[in-house]
Amino acid sequence: MTEASRRSTDPAIQKLLAVAAEDGVELAWDRLQAQQPQCGFGQLGVCCRICHQGPCRVDPFGEGPQRGVCGADADTIIARNFARMGAAGGAAHSDHGRDMALTLLALAEGHAPDYQIRDVRKLMSVAGYLGVPTNDRPTMDIVKDVALKALAQFGQQTGELAYAQRAPKKRQELWRQAGIMPRGIDREVVDVMHRTHIGNDQWYESIILAAMRSSLADGWGGSMLSTDITDILFGSPVPLVANANMGALSETMVNVVIHGHEPTLSEMILVAVNDPELIAYAKSQGATGINLTGLCCTSNETLMRQGVATIGNFLSQELAITTGAVDLMVVDIQCIMQALGPLTEHYHTKLVTTSPKAHIAGVTHVDFDEHRALDIAKQVVKMGIDNFKNRKGTHIPKDIDQMVVGFSHEYINYALGGMFRGSFRPLNDAIISGRLRGAAGVVGCNHAASCHDETHLYTVRELIKNDVLVVLTGCSAIGCAKHGLLSPDAAKFAGPGLREICETVGIPPVLHLGSCVDNTRILTVLSQMASEGGLGDDISDLPGAGFAPEWMSEKAISIGCYFAGSGVYTIMGGRSPIAGSKKVTEFLGDVLEERLGGRLEFLPDPQEAVERALKHIDKKRAALGLPEYDAKRFGQSGDAVTLKMLEKTDDEILNVYSARA
Amino acid sequence: MSRYIATRAIRGANTVVAEAEALLKAAIADLGPDTPVAFTNTAYFLPVNLAFMGRQIAKLSDMVPALEDAKRLLHPVPPENMWVPYLGETMDSGMATLLAEEIIEGIRFARGQEPQPITWDGTYIPTANFVTSDPMAKAGKRMNGPIDDIQLRAWGIQLVDGRMPGFAALIGCAKSTEVAVQIVRELQQRSILVFLSGSVNGRSIIHQLMEAGVEMGYDTYIIPFGTDTMATIYPLGFAARSALTFGGLKPGMPREILQYNRARVFAFAIALGEVDDLKYATAAGAINYGFPVVADTVIPQILPTGITPYEHVISMPFDDIEGKDDIERARKLVQRAIEVRGVKIKVTEVPIPVPYGSAFEGERVRKSDMRVEFGGKSSRCFEYLRMAPFDSIEDGKITVVGPDFDQIPPEGFMDMGIVVEVAGRKMQEDFEPVLERQIHYFVNGASGIQHIGQRDITWIRISKAAADKGFKLEHFGKILYARFHADFGAIVDKVQVTIYTDKAKMEEWLAKARQAYTHRNERLAGMTDDSVEEFFSCTLCQSFAPNHVCVISPERLGLCGAYNWLDCKASNQINPTGPNQPIKKGTCIDANFGVFEGVNSFVQQASHQAVQDVSMYSIMNNPMTACGCFECIAMVIPEANGVMVVSREDPSMTPAGMTFSTLAGVAGGGLQTAGVMGHGKYYLTSRKYLSSDGGFKRVVWMSSFLKESMKEEFKAVAEREGDPNLIEKIADERVATSVEQLLPFLEEKAHPALTMPPLF
């Protein structure tokens with residue numbers, strides 16, 4: 001095994017790793033190596049830097065100090081660190097949601113002329129959830145009220161989040177009983193930050209429950225609002241065919257790469273690259289046109305809605321630069337490595353930061369302002385065009401895969417029966433019959449310590465082989481897309497029952513639901529499945545599981561917590577950030593399952609993770625009284641028999657009354 | 001779906017919508033945009049377009065926007081590789097297909113090309129009381145076309161009480177005529193309606209059945225719609241109308257109407273022979289209703305469930321079905337199709353030499369086809385069922401006392417009496433008439449046997465074909481023995497049947513029977529609403545009309561005419577948790593209107609709060625609701641200060657300005673509408689008929705069918721009301737089809753309603 005194949009399973013990345021090595025540039029993997037050995041206390045989560053008397057750390061072997069200066073024990077330290085990670089992640093997601101709501105308000109007030117309402121039906125359903133009257137009112141009045149009500153969710157101090165009502169009734173009651181029904185989005189983040197301050201909450205249980213509440217405020221609040229408002233502004237996704245991987249970069253066109261998370265920018269860049277004047281300008285600079293592609297979740301946004309190609313996920317960002325073909329990389333927020341700054345200096349790529357919240361030292365910054373969105377987008381794109389002439393040699397790998405994307409929960413509902421009969425009934429039926437053993441979500445980041453994409457691929461392949469329908473978001477989705485798992489043809493890797501479902505509906509066995517903020521679509525799907533009937537009456541009754549195999553960001557902790565808090569068995573890969581506390585580990589596992597039906601586990605071994613998830617799925621099936629999963633009973637439907645019969649009839653008379661040889 | 005099917009269905013949908021557009025353009029050019037378009041004998045316009053899109057298509061130009069609806073539902077064909085999902089898209093394309101097919105049939109109607117002319121050697125005469133002014137149809141040279149509303153309602157009660165489980169649409173052409181006949185017979189034996197359409201290479205199952213001499217029509221449950229696939233729209237329109245008629249659903253509620261069909265209408269399609277694009281597209285439309293498709297050829301299977309309750313598409317290649325011959329294969333094909341739709345149908349094995357099933361109930365034996373008859377003009381026939389002490393009879397004993405009919409010349413006659421004695425721990429004397437009336441249905445189920453009437457006016461014919469197959473008198477006993485055990489096993493433990501043809505014995509038993517009839521008449525006549533403590537509910541129709549509740553009292557029978565108070569009592573004994581529950585009358589809130597506390601609270605709960613109060617004896621004040629199976633509709637005619645009563649059999653215009661069909665839309669679906677009420681025929685003769693509104697004297701107009709068929713009963717009513725000439729003072733469709741014609745008639749006859757207190 002070469003060093004490159006240890007670092008990534010992606011053939012394009014492997015080729016570019018060689019280029020980078022030749023060019024002598026430093027990448028995430030190199031920096032990880034340089035960090036070794038990483039601090040053992042930090043790894044276990046037992047290091048406390050919350051007050052300035054620290055850093056304090058607890059000896060995990062029980063020999064050294066067991067308490068920090070203030071007396072905090074390992075359980076408290078770990079719970080506080082964990083809660084703060086979740087709160088930071090939730091803050092990031094929710095702040096993204098807030099920006100979407102602010103854009104919506106600017107649009108309603110006429111200050112954002114470059115945006116429009118693309119999905120009125122969604123606007124109406126969101127208005128319904130937020131209690132905004134819609135009868136006989138001008139659309140823009142409704143938009144304004146929706147924006148204001150959405151923004152009020154962030155500042156709400158008491159009561160319950162409006163979107164909590166979208167969860168099954170039983171789930172809402174569980175939250176109230178456990179005292180974790182979120183009150184306001186910002187309040188729950190502040191609550192965690194306050195609670196974990198020196199000398200405050202020093203009982204791991206109440207800290208973890210507060211972390212749960214702030215995560216729920218993200219999942220059923222900030223993130224869900226973000227998804228909904230994004231759909232209102234840019235359209236709810238419907239299936240499209242699109243390309244993935246570095247092969248989508250162009251040798252002859254100006255390559256503009258968007259990277260980050262907020263579609264307010266990327267959608268405008270998309271408009272700008274189609275501007276005839278800019279295209280003409282690109283041609284005047286010797287290019288054949290402008291080619292837009294993306295990285296990470298902002299790419300997922302334009303991929304889901306307009307089919308703009310994605311060239312990779314988190315760990316692909318540096319390698320994209322090494323192709324020498326990226327003329328402009330424009331970034332906004334989240335998951336943008338500072339390393340891009342120095343790296344782009346080594347290559348010709350023009351890097352532009354745009355968010356007031358995300359500058360990089362020494363990198364050109366153009367403040368993005370939704371009031372003049374298109375002008376700014378054009379200005380930025382022009383920088384890329386201007387840079388085209390600076391290209392030196394390029395090394396664009398030819399690797400490219402096609403995929404089908406665009407599975408909003410609204411579309412899934414439609415896909416399962418059309419305009420008149422759309423419902424989740426066929427999906428529930430498939431699980432009830434055992435044709436599908438269950439359903440799973442695989443989400444989350446890349447992690448430099450694990451072979452790039454490998455755990456995502458292993459997990460997804462194993463699940464579909466076992467007739468578990470998989471939904472994906474974020475970097476996981478891009479990882480699988482690069483390996484062809486998002487193509488309908490991938491049904492051939494699925495078990496017999498899942499293959500039947502794929503053939504029946506025309507879907508891949510693995511569905512791309514969007515960016516990481518769109519994990520809320522999974523919550524909606526789960527709620528709809530629970531309310532459709534036949535699979536219990538709460539999310540925790542469903543035979544399903546969630547995975548974040550290569551997680552690394554704080555957002556992933558928030559996501560993991562809101563899934564577990566919503567009743568899902570959630571398995572996060574890699575090293576456990578709570579390994580230093582048996583109590584916290586137990587609390588997030590068995591205790592949580594007892595109280596909320598879901599659990600959060602950190603399991604480094606992907607094989608074990610899949611096995612445990614399947615066991616959990618079978619346990620849920622048994623609890624629902626569903627037939628035991630037995631793949632042999634299924635697989636009789638599909639085109640194969642007919643196509644075979646039609647094949648051999650060139651010179652014989654076709655007997656349509658027999659399928660026998 | 002499968003991609004193979006999706007591709008063909010979507011391609012078919014695009015083709016048929018384009019075809020509809022071209023035909024419409026040509027029709028508007030040829031005939032003009034205002035040319036009327038109507039399906040015959042239905043108030044539901046073009047029912048599929050009405051139900052799903054809420055469009056009332058009455059003229060060619062109305063079809064232009066309707067076709068736009070269809071176009072919006074079309075999708076492109078999935079590509080060979082990297083296809084996006086196609087299931088939802090195929091379902092929508094299927095719906096587009098149905099809309100377009102119905103538009104095409106509508107255009108053909110406008111051009112006089114529908115129902116399809118029979119251009120080959122064969123005829124089809126839809127039904128005995130079929131009304132048409134079209135000479136071709138009269139001559140039997142047209143197919144059935146859309147099912148008329150009257151028939152839809154007549155079948156309603158059979159569909160809800162399970163006598164008729166549902167319908168099968170046979171589309172295409174069977175492997176052979178022999179197979180076609182066998183498939184149809186299998187379905188008939190299970191009392192499943194058989195709807196025929198489509199063809200393969202120009203040959204249709206309709207041709208096959210006509211060649212084999214199979215009797216088709218409403219009475220035999222076999223309806224030929226047309227030899228092209230588009231004619232399948234008629235059964236699908238029938239299904240859509242059933243949701244509007246019985247389900248209380250409104251046009252433009254597609255989701256609810258389709259869900260209603262999925263949950264409540266037992267239907268499936270069998271595709272016979274090769275399946276082309278249009279058939280796939282039409283099948284996709286049918287799957288929207290939750291109706292599965294079984295093919296006898298190799299096509300891709302779609303086994304996952306959800307849109308349909310069971311598998312969507314099943315392929316049973318005919319030659320691969322295990323069986324000793326094609327007859328057995330045909331039998332298995334039908335069995336599988338029924339399983340796929342998911343209803344267990346109990347087939348009572350009746351050991352007689354002719355086929356047996358409710359589908360044969362409607363058969364007529366013409367005089368020239370008759371071997372022998374009992375009763376009628378030339379001989380006497382009676383039937384009598386009585387309860388016997390448990391040990392006095394022998395279960396299964398069948399005796400024929402006297403000669404069989406082998407000595408009677410062909411087309412001759414003889415006297416006969418059928419005496420059935422039953423015993424059982426739960427049997428009561430009250431049940432005797434209820435069980436006795438079943439003899440009519442039981443005997444009629446035999447192919448080649450016709451039974452009319454009851455008691456001592458029974459009239460039975462045996463056809464030559466049945467006699468040739470070995471049918472003898474003892475077989476009546478075998479039928480009755482098998483059916484009483486199968487259907488009334490809960491109350492009947494022993495059944496003994498004796499058939500009397502011996503003159504002396506026959507007369508002896510006839511006298512006994514008549515004594516019993518008189519005794520029963522007196523008992524039933526003496527039974528009034530005031531003399532009982534409880535009424536009965538009937539929610540049998542809730543499978544179709546979810547919010548309707550019938551309240552049945554001794555003086556008010558069920559609106560379908562099939563259930564009176566005694567029937568309900570018996571039914572409740574047989575099935576204590578079934579649809580007929582005792583309702584304690586409780587406090588009488590208003591004796592005049594017939595409002596009872598117990599009735600109100602029962603109806604509130606059983607109607608799911610849709611109905612709050614019910615008056616038993618009024619049409620003006622909270623009248624009882626109706627499902628849609630009513631025999632008659634009464635409606636107030638304010639100008640005449642009275643009510644009109646139109647019967648289901650009467651297709652004519654009424655003074656209310658609406659035909660029965662149109663009125664039924666107002667009266668049915670479990671809706672309470674003051675001034676309109678559905679009811680049973682015999683309720684007209686009750687003392688409690690509209691008693692709070694003035695009683696029978698309020699009737700100012702009545703279908704002549706009722707007047708003629710209930711002449712004797714009405715005579716008695718007129719006497720009771722103290723006006724022996726009352727019936728002649730009531731107008732009918734022969735003298736008045738409008739208020740303008742009605743009023744002078746009433747004035748001339750001095751109808752009492754004109755001087756009664758005002759209704760309002």
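Quick note on labels: first sequence line is chain A, next is B, and so on, each numbered from 1.
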Within-4.5 Å side-chain heavy-atom neighbours: B/Val313 and A/Ser637: no
Does A/Arg425 reach the side chain of B/Gln259, with side-chain heavy atoms less than 4.5 Å apart? no
Relative to chain B, which segment of A/Arg421 carries a heavy atom at a distance below 4.5 Å: side chain, backbone, both, or neither? both
With rounding to the nearest 0.5 angstrom, report the SG to CG distance, A/Cys502 to B/Leu87. 12.0 Å
Please rank B/Met91, B/Glu274, B/Glu89 by heavy-atom pairs under 4.5 Å with chain A and give me the top one. B/Glu89
On a heavy-atom basis, which atom in B/Pro254 and which in A/Phe420 lie closest, and how many Å separate them? CB-CD2, 3.4 Å
Do other residues, nucleotides or ligands put more than 12 heavy atoms under 6.0 Å from A/Arg121 CZ? no
Contact part of A/Phe407 toward chain B, heavy-atom cut-off under 4.5 Å: side chain, backbone, both or neither? side chain
Please report the closest heavy-atom contact between B/Asn288 and A/Gly417, naming both atoms and the distance. OD1-O, 4.2 Å
Given heavy-atom pairs under 4.5 angstrom as the criterion, report whether the side chain, backbone, both or neither of B/Leu73 touches chain A. side chain
Sorted by chain and number, sequence neighbours left out, salt bridge (charged side-chain N to carboxylate O under 4.0 Å, His left out) with B/Asp276 holds for none
So A/Gln636 and B/Ser315, side chain to side chain contact (heavy atoms under 4.5 Å, CB included) or not? Walk me through it. CA-CA 10 Å; A/Gln636 308 308 309; B/Ser315 165; over 6 Å; no
Relative to chain B, which of A/Leu643, A/Leu416, A/Val641 shows the most heavy atom pairs under 4.5 Å? A/Leu416
Chi angles and distances behind the side chain to side chain contact (heavy atoms under 4.5 Å, CB included) call for A/Val656, B/Val298: CA-CA 6 Å; A/Val656 293; B/Val298 181; 5.7 Å; no
Considering non-hydrogen atoms only, spot the tightest contact between B/Pro300 and A/Thr642 and give its length. N-OG1, 3.0 Å
Would you check if there is a donor-acceptor pair between the side chains of B/Asp92 and A/Tyr414 at a distance under 3.5 Å? yes
Sidechain-backbone polar pair: A/Arg660 side chain, B/Asp320 backbone, donor-acceptor under 3.5 Å: yes
Would B/Val84 and A/Val241 count as a side chain to side chain contact (heavy atoms under 4.5 Å, CB included) here? Give the steps. CA-CA 7 Å; B/Val84 292; A/Val241 176; 4.0 Å; yes
With a 4.5 angstrom heavy-atom cut-off, which part of B/Met95 approaches chain A: side chain, backbone, both or neither? side chain
Scanning both residues in full, the closest heavy-atom pair of B/Arg255 with A/Ser423 reads NH2-CB, 3.8 Å
Atom pair CD1 (B/Ile299) and CE (A/Met645), whose distance is rounded to the nearest 0.5 Å: 10.5 Å
Could you have a look at B/Glu256, B/Glu311, B/Lys175 and say which one has the most heavy-atom pairs with chain A under 4.5 angstrom? B/Lys175
Check step by step if side chain to side chain donor-acceptor pair (under 3.5 Å) holds for B/Asp319 and A/Asn655. CA-CA 9 Å; B/Asp319 290 353; A/Asn655 177 12; 3.2 Å; yes
Distance check, rounded to the nearest 0.5 Å: B/His312 atom NE2 versus A/Thr504 atom OG1? 7.5 Å
If you tally heavy-atom pairs under 4.5 Å between each of A/Ala640, A/Gly638, A/Ala430, A/Ser487 and chain B, the highest tally belongs to A/Gly638
Would you call the rings of A/Tyr657 and B/Phe318 parallel, tilted or perpendicular, where under 30° means parallel and over 60° means perpendicular? perpendicular
By a 4.5 Å heavy-atom criterion (distance strictly below it), what part of A/Tyr411 contacts chain B: side chain, backbone, both, or neither? side chain
Between A/Met419, A/Met403, A/Arg435, the one whose heavy-atom pairs under 4.5 Å with chain B are most numerous: A/Arg435
Compare every heavy atom of A/Leu646 with every heavy atom of B/Tyr4, then report the nearest pair and how far apart it is. OH-CD1, 3.4 Å
Please determine whether the number of non-hydrogen atoms from other residues, nucleotides or ligands lying under 6.0 Å from atom CG of B/Asp325 exceeds 12. yes
Stepwise side chain to side chain contact (heavy atoms under 4.5 Å, CB included) test for B/Gln301 and A/Glu500: CA-CA 10 Å; B/Gln301 302 205 93; A/Glu500 275 186 300; over 6 Å; no
Any side-chain to backbone donor/acceptor pair from A/Asp429 onto B/Pro304? Under 3.5 Å, distance only. no
Would you mind checking which part of A/Ile432 comes under 4.5 Å of any heavy atom in chain B, side chain (CB onward), backbone (N, CA, C, O), both or neither? neither
Within the 4.5 Å heavy-atom criterion, are B/Arg3 and A/Glu503 side-chain neighbours or not? no
Between B/Ser93, B/Pro317, B/Pro85, which residue shows the highest count of heavy-atom pairs closer than 4.5 Å to chain A? B/Pro85
Chain A: which of B/Ala6, B/Ser2, B/Gly88 shares the most heavy-atom pairs with it under 4.5 Å? B/Gly88
